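Below is one structure, written out as structure tokens; the observations come after it.
In each ligand, atom 1 is the first atom listed, and ligand 1 is the first ligand listed. Please read these numbers as outputs of a predicted model, since none were measured by experiment.
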Amino acid sequence: MPDLSRREFLGAATGVAAGAMLGSPTVGHAAPAVHVRPPARPVAVGSANGLRGVELAGRLVREGMDTLDAAIEGVKLQELDPDDMSVGYGGLPNEAGVVQLDASCMHGPTRRAGAVGALEGIKTPSVVAKYVLLYTDHILLVGEGAKQFALSYGFLEENLLTEQSRERWLRWRANRGPDDDWLDVPETAQMGLRPTGTINLNVVSPKGELSSVTTTSGLAWKIPGRVGDSPIIGAGQYCDNDVGAAGSTGRGESNLKVCGAFLTVEHMRRGLAPTDACLETLRRVVATSEARLLDPRGRPQFQLSFYAVNKEGQFGAAALYPTRFAVFDGTAAAIRDAAHLFERS
Ligand code: ASP
């Protein structure tokens, strides 16, 4: 990562001023850390659409690249892939047919974070989030401001709606209900499920350096302006260089209420293995779900997944219902079954 010092300079200056005001040196209160031995080889874990991404990120870290730079190279594969309709270019649009993207990232060694929400017209929101982290004293930029910020660095404004995603949107609009002014398209079945998708990727290096990134086009057909969990530090992803990193995909609103990525890292801090930490967070998700989102047996009527890696390179994933995840375990990339709380009925 470029070694920019503005924030460190400002931070240091603020610290001196605060110390002077208080008449004593500033004292940091670090969260309690567990003592760990980093993995022999890099490990990267993320959502199942990140198979190519975890492999690339793991390989780049092995070649010496910084963990955040490598994680972003990994998710960029999906952002730029027009056939991944959950992320970046080709992502499914909002209710109005406009693609609005969310992304966030954290860099463990420097304890920095950056994010963008409801960003339009830029294919790689994860990179814009990294620029917020690198070049500003802020953490989250949204909407038009985020776009102008990206344009100022030379990002190209492009149409993100592919013909494939436009067609899916037009079909959804035509078939959304009997009481609107759009005529149903008879040959197309009504979409029962609301498509979701996202890529989360978490990396640890042999030096024990951690980073995390999550990027998404959000819930398909969302209300314009809706921002999900992905760009929210502590929800879409979280990274603590002393402990581990975690992130999420699935119904963002349910994750936002429990700050799920942060909670998962906190579970790892108190000693839970990554998979158990993810499961524990999911139990909290169920406990905080509104009745309208539960079936008569009290089971959520939505999917939510968490992915985690700790500083030692142990990794895991869990979801409400069976799903899979991608991992580079230091040697090879593979798709594995995640743990789950409920069987599908
Ligand atoms: N978590 C994303 C959101 O709510 C969507 C997803 O992962 O499917 O925006």
Side-chain angles (χ1 to χ4, degrees), residues 45-50 53 74-75 78-79 81 83-88 90-96 98-105 115-120 125-126 128-129 140 142-143 146 160 165 168-169 172 191-202 212-238 246-264 278 281-282 284-285 288-290 293 300-308 317-326 338 340:
V45 63
S47 44
N49 56 346
V75 299
Q78 297 314 115
E79 288 180 329
D81 180 351
D83 292 328
D84 188 330
M85 296 171 94
S86 70
V87 176
L92 292 175
N94 64 19
E95 196 176 54
V98 177
V99 181
Q100 290 189 325
L101 303 174
D102 298 337
S104 66
C105 61
V116 288
L119 173 65
E120 294 178 13
S126 69
V128 185
L140 175 59
V142 302
L160 303 186
S165 52
R168 288 278 290 276
W169 170 66
W172 167 79
M191 276 190 211
L193 276 180
R194 187 172 189 185
T196 63
T198 295
I199 176 167
N200 161 247
L201 215 158
N202 313 288
S212 50
V213 58
T214 297
T215 172
T216 189
S217 50
L219 287 184
W221 336 133
K222 60 194 174 186
I223 295 173
R226 178 265 188 188
V227 166
D229 57 330
S230 305
I232 304 302
I233 307 298
Q237 55 74 43
Y238 193 74
S248 179
T249 62
R251 189 176 188 278
E253 280 72 7
S254 296
N255 180 22
L256 278 167
K257 288 199 301 183
V258 302
C259 305
F262 176 78
L263 187 59
T264 303
C278 295
T281 298
L282 288 162
R284 183 77 67 87
V285 168
T288 55
S289 289
E290 297 116 276
L293 296 171
Q301 304 191 78
F302 57 89
Q303 174 68 308
L304 188 61
S305 308
F306 288 93
Y307 316 89
L320 290 168
Y321 295 96
T323 192
R324 314 190 84 194
F325 71 105
H340 55 270

Legend entry - Heavy-atom gap R226 to ligand 1 smaller than 4.0 Å: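 It does; at least one heavy atom falls under 4.0 Å.
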
If I apply the N/O under 3.5 Å rule, does [X] come out as touching ligand 1?
X    : answer
G228 : no
D102 : no
G218 : no
T249 : no
R251 : no

Inset, instruction - Check each of T249, T216, T214 against T198 using the side chain to side chain donor-acceptor pair (under 3.5 Å) test, and report the only one that passes. - result: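 Passing option: T216.
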
Legend entry - Counterpart residues, side chain to side chain contact (heavy atoms under 4.5 Å, CB included), relative to T323 (two or more places apart):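 Only Q303, S305, A319, A338 meet the side chain to side chain contact (heavy atoms under 4.5 Å, CB included) criterion with T323.
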
Below 4.0 angstrom from a heavy atom of [X], which ligand 1 atoms are there? Numbered from 1 as shown, please.
X    : result
D229 : 1 (N), 2 (C), 3 (C), 4 (O), 9 (O)
T198 : 1 (N), 2 (C), 5 (C), 6 (C), 7 (O), 8 (O)
L219 : 9 (O)
G250 : 1 (N), 2 (C), 3 (C), 4 (O), 5 (C), 6 (C), 7 (O), 8 (O)

Inset, instruction - Of all the heavy-atom pairs spanning N200 and Q237, show the shortest one and how long it is. - result: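 That would be ND2-CB, 4.0 Å.
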
Inset, instruction - Could you pull out the closest heavy-atom pair between R168 and L92, with the gap in Å? - result: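 So the minimum-distance heavy-atom pair works out to CB-CD2, 3.8 Å.
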
Inset, instruction - Give me the ring orientation class for W172 and W221: parallel if the planes are under 30° apart, tilted from 30 to 60°, perpendicular past 60°. - result: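 Rings of W172 and W221: parallel, as their planes differ by under 30°.
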
Inset, instruction - Please check if atom CZ in R226 has more than 12 non-hydrogen atoms from other residues, nucleotides or ligands closer than 6.0 Å. - result: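 Result for CZ/R226: enclosed.
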
Legend entry - Set of salt bridge (charged side-chain N to carboxylate O under 4.0 Å, His left out) partners for E120, sequence neighbours left out: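 Applying salt bridge (charged side-chain N to carboxylate O under 4.0 Å, His left out) to E120 gives none.
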
